[in-house]
Asks: 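One structure is given below, represented as structure tokens, and several questions about it will come after.
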Amino acid sequence: QVHLVESGGGLVQAGGSLRLSCAASGFSFKSFSMDWFRQAPGKERSFVGAISWSGGSTGYGRSVKGRFTIFRDNSKNTVYLQMNSLKPDDTAVYYCAASRVTYSTNERQYDYWGQGTQVTVSS
């Protein structure tokens with residue numbers, strides 16, 4: 001069975017840090033880019049960041065660039081999201097996903113999703 005399991009969420013004060021983990025199993029982890037999304041209550045799901053299959057390239061949403069860092073350990077089938085300088089607006093459920101590009105359409109397909117982990121940042 002395919003599993004993506006996020007962990008590491010919790011309550012933190014503004015300005016603090018958290019590291020989220022996403023442990024993958026049941027598929028070829030190295031064949032996929034890994035992505036992080038988040039969704040706050042009443043808001044649309046938004047892009048946080050992504051990392052290529054090898055870890056050689058990353059990209060981030062504008063709201064988190066410079067504060068968050070994605071890295072992966074393919075030997076452990078795990079991707080991480082290091083979150084620094086957290087703000088109350090970062091409060092959301094954070095999800096990891098495994099993705100790949102369909103070259104015929106140049107569209108990214110998100111094949112697998114985790115269950116999410118709650119991050120709450122207090123003022």
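What you see below is based on every heavy atom in this structure, not just the backbone, and it leaves out hydrogens, waters and symmetry mates.
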Asks: Is E6 reaching over with its side chain to a backbone N or O of S21, donor-acceptor style, under 3.5 angstrom?
Replies: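 No: the side chain of E6 does not pair with the backbone of S21.
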Asks: Please answer whether the main-chain N or O of V48 pairs with a side-chain N or O of D35 as donor and acceptor at a distance below 3.5 Å.
Replies: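 A pair under 3.5 Å: no.
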Asks: For a quick check under 3.5 Å, do S99 and R108 share a side-chain donor-acceptor pair by atom type?
Replies: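 Yes, because at least one side-chain N or O of S99 sits under 3.5 Å from a partner of the opposite role on R108.
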Asks: Do side-chain atoms of T102 reach the backbone of N106 as a donor and acceptor pair under 3.5 angstrom?
Replies: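 The answer is no, because no donor-acceptor pair under 3.5 Å joins these two groups.
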Asks: Quick one: are the ring centres of Y60 and F68 less than 6.0 Å apart?
Replies: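 Ring centres of F68 and Y60 not closer than 6.0 Å.
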Asks: Taking all atoms of both residues into account, what is the closest heavy-atom pair of N74 and S54, and its distance?
Replies: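 Nearest pair, atom of N74 first, then S54: ND2-CA, 4.4 Å.
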Asks: Which atom pair, heavy atoms only, marks the closest approach of F29 to T78?
Replies: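 The answer is CZ-N, 3.7 Å.
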Asks: Is there a donor in the side chain of R72 and an acceptor in the side chain of T58, or the other way round, less than 3.5 Å apart?
Replies: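 Side-chain D/A pair, R72 to T58: absent.
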Asks: Mind checking the CG-NZ spacing from D89 to K43? Nearest 0.5 Å is all I need.
Replies: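 Output value for this atom pair is 5.5 Å.
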Asks: Taking the six-membered ring of Y95, is the NZ or CZ of R45 close enough (under 6.0 Å from the centre) and on axis enough (within 45°)?
Replies: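 The answer is yes; both the distance and angle limits are met.
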Asks: If every non-hydrogen atom of D111 is compared with every non-hydrogen atom of R100, which pair is closest and at what distance?
Replies: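 Result for this residue pair: OD2-NE, 2.5 Å.
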Asks: For side chain to side chain contact (heavy atoms under 4.5 Å, CB included), just list the numbers for Y80 and L20, CA-CA rounded to whole Å, side-chain angles, deciding distance to a tenth of an Å, and then say yes or no.
Replies: CA-CA 6 Å; Y80 305 89; L20 306 184; over 6 Å; no
Asks: Side-chain heavy atoms nearer than 4.5 Å, only ILVMFWY residues, links allowed to pass through others: does that put F32 and F47 together?
Replies: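 Different hydrophobic clusters.
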Asks: I need the minimum non-hydrogen distance between S17 and N84, along with the two atoms involved.
Replies: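 Shortest heavy-atom contact: OG-OD1, 2.9 Å.
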Asks: Mind listing the closest non-hydrogen atom pair of A24 and L4 along with its distance?
Replies: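 Taking every non-hydrogen atom into account, CB-CD2, 3.4 Å.
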Asks: Are V93 and M34 in one and the same hydrophobic cluster, where Ile, Leu, Val, Met, Phe, Trp and Tyr link if side-chain heavy atoms are under 4.5 Å apart?
Replies: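 No, because V93 and M34 fall into different hydrophobic clusters, even though each may have its own neighbours under 4.5 Å.
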Asks: Report the residue from Q39, M83, Q118 that forms a side chain to side chain contact (heavy atoms under 4.5 Å, CB included) with Y94.
Replies: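 Answer after filtering Q39, M83, Q118: M83.
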Asks: Who passes ring-ring contact (aromatic ring centres under 6.0 Å, His included) against Y110, sequence neighbours left out?
Replies: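 By the ring-ring contact (aromatic ring centres under 6.0 Å, His included) rule, Y110 matches F37, W113.
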Asks: For the atom pair CZ (R67) and CG (D90), what is the distance rounded to the nearest 0.5 Å?
Replies: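 Separation between the atoms: 4.0 Å.
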Asks: Which heavy atom of A92 sits nearest to which heavy atom of A40, and what is that distance?
Replies: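 Smallest heavy-atom distance, with atoms named: CB-N, 3.8 Å.
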